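See below for the structure under consideration.
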Amino acid sequence: MKKLLTISLILLMILGGCSVKSADEYYKETESKGTKTVTLTVNCDTAVKYQKGGERVRGDILTDYEVSIGEGDTVFDALKKACKKKQIQFEYQGSGDSLYIRGIDYLYEFECGDLSGWEYCVNGKFPDKGCNSVTLSDGDVVKWLYTCDLGADIGNKYKVK
Amino acid sequence: MNSFKNLHPGFVLCYFVFVTFFSVFSFNPIYLVSSLMGALLFALMIQGVGAVARSIGGYFLVFFLIAVTNPLFSHNGRTALFFINDNRVTLEAFVYGVVLGVAVVSVLYWFRCFNEIFDSERYMYVFGRISPGLAVAVSMTLRFVPELIHNFRQVNNAQKCLSDNRCRLRRYISSFSAVISQSLENAVITSDSMRARGYSLRGRTSYTRFRFSRRDGIVLGIFIFLAALSVTERHSFSYYPDFVCSDFSLLSAVSCVSFGIIVLLPFLYEVREGLWKFSASRI
């Protein structure tokens, strides 16, 4: 009895930190209008080239999509809002500064070789930080690009420091 | 009800290695369900209904945990059931979890049968010639845990009978330390006594009961033929982001059927032996 109580308490605590919504509910939710607008592009032309003849024929998942964000919103928040609006699948793991995007639109890291995955740039620069620790300002241009070569094919060659 | 055991240990080992590897790496519901059925039937045959029925609860727990946790950690898949903190929980991930669970449970059952059949004598026979040291180490390791549990029960019962009023945890700790030192000593004694008898000396022969007979040759031939058929064209199945099932061709159907027969091989062999014994008893 004691054991059961503790187990259910722990479960409650874990579930208390989660918000569970049905798919319809999640996508129909209206976000409050933010004060800033950023432009978001999500592109995986490199993956289309890599998987020549694969199922994916178009690399432009999102092109110059305008997202309205609030004060203190990060690159991750912008992506999350855009994906919610356009009903695009994405998966992340972790939280806070170490949050990491594993896949967008069913395209995951490592699907195009060991050096592949999603990277992002803000106004043409690739910040060497997690996407949840870079806050955006009005008019920023955010690009999520898929690389098959650790950034070398999208203009962010990896340098050893 | 255990004539499969009497086949040559080398063949038995090959059989189990093939079946478990195929089950783990196929990720195809057709192969997996037949593998699970075969393993269950085999376990029923050698251990009886009671032992298998008692084990099912634990295995179901393993299956359930895998089936439920996979969708919580993998969010790939086209059909979203619901969302937890912006991560979708999908039907595809759930089905993949179920398939993974079936794979794990079927492999566990295969190992259960393997442990029942492949005793330390057979281990020594198969591995002893490759590396005698390894064979002793493996057979001692496999024996270690069951022996430890057995000794622990004995020591613990003895302690209880000594009108021991300590709390249960204290008694467990002292019994446990006694059992550990006992088993360490046993390990040293075993290796010493093996050395004293000249184990692993060069040119030393040993007696074994196992001979590769014509019967083994026939079963091995059938097994290799079926195994070759089942790996020629494997029917593939993928889960992310949608379920994709490759088209059935004649070859892939043959592959499925031959894997089904491989899985039933112990059962079929048992039936054959049974028929033979029945006809022999009528003479």
Side-chain angles (χ1 to χ4, degrees), chain A residues 7 11 13-29 31 44 47 51 54-56 61 67 69 73-96 99-111 117-118 131-132, chain B residues 24-25 27-28 57-101 167-170 172 234-249:
Chain A
I7 290 173
L11 269 177
M13 275 162 80
I14 295 170
L15 289 176
C18 302
S19 69
V20 180
K21 290 167 202 151
S22 77
D24 280 352
E25 235 182 307
Y26 179 77
Y27 282 126
K28 278 183 189 144
E29 250 176 3
E31 295 275 328
C44 64
Q51 303 174 329
E55 271 174 57
R56 201 177 285 274
I61 296 164
V67 199
I69 57 169
D73 271 2
T74 60
V75 177
F76 170 68
D77 293 316
L79 178 73
K80 192 172 81 182
K81 279 177 182 162
C83 284
K84 198 168 178 178
K85 270 259 170 61
K86 301 288 275 182
Q87 305 207 355
I88 294 168
Q89 184 263 357
F90 75 106
E91 179 175 344
Y92 66 90
Q93 68 180 23
S95 62
L99 190 139
Y100 173 64
I101 298 289
R102 293 186 55 206
I104 303 174
D105 194 28
Y106 313 114
L107 181 63
Y108 277 67
E109 51 171 343
F110 306 135
E111 270 183 30
W118 286 101
C131 63
N132 203 23
Chain B
V24 170
F25 293 114
F27 285 113
N28 184 328
Y59 289 107
F60 186 77
L61 196 72
V62 172
F63 166 77
F64 183 76
L65 272 179
I66 295 170
V68 168
T69 47
N70 189 56
L72 294 182
F73 289 103
S74 166
H75 306 286
N76 204 343
R78 192 95 51 192
T79 331
L81 297 175
F82 53 90
F83 280 77
I84 296 179
N85 287 356
D86 300 309
N87 263 329
R88 53 167 74 183
V89 174
T90 64
L91 179 69
E92 281 84 358
F94 179 68
V95 171
Y96 188 77
V98 167
V99 167
L100 216 60
C167 75
R168 211 194 294 170
L169 188 66
R170 269 168 188 268
Y172 277 175
R234 272 174 47 190
H235 185 247
S236 69
F237 207 96
S238 68
Y239 300 85
Y240 296 133
D242 310 274
F243 300 119
V244 177
C245 182
S246 67
D247 292 333
F248 268 105
S249 64

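These numbers were taken from a predicted model, which means no experiment stands behind them. By convention in this document, chain letters (A, B, ...) are assigned in the order of the sequence lines, proteins followed by strands, and residues within each chain are numbered from 1.
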Any heavy-atom pair between the side chains of A:Glu25 and B:Phe83 that's under 4.5 Å? no

Taking all atoms of both residues into account, what is the closest heavy-atom pair of B:Ala80 and A:Ala23, and its distance? O-CB, 3.7 Å

Looking at B:Arg170, I'd like to know if its CZ atom is crowded, meaning that more than 12 non-hydrogen atoms belonging to other residues, nucleotides or ligands lie closer than 6.0 Å. no

Less than 4.5 Å apart, side chain to side chain, heavy atoms only: is that true for B:Asn76 and A:Gln89? yes

For A:Glu55, does the CD atom sit with more than 12 other heavy atoms under 6.0 Å from it, leaving out its own atoms? no

Around A:Phe76, counting heavy atoms of other residues, nucleotides and ligands shown, do more than 12 lie under 6.0 Å from its CZ? yes

Choice from B:Thr90, B:Thr79, B:Asp86, B:Leu81 maximising heavy atom contacts with chain A below 4.5 Å: B:Asp86

Proximal component of A:Tyr108, with respect to chain B [non-hydrogen, under 4.5 Å]: side chain

B:Phe248, CZ atom: more than 12 neighbouring heavy atoms under 6.0 Å: yes

Looking only at heavy atoms, the pair that brings A:Lys21 and B:Phe82 closest together is O-CB, 3.1 Å

Has A:Lys86 got more than 12 heavy atoms of other residues, nucleotides or ligands less than 6.0 Å from its NZ? no

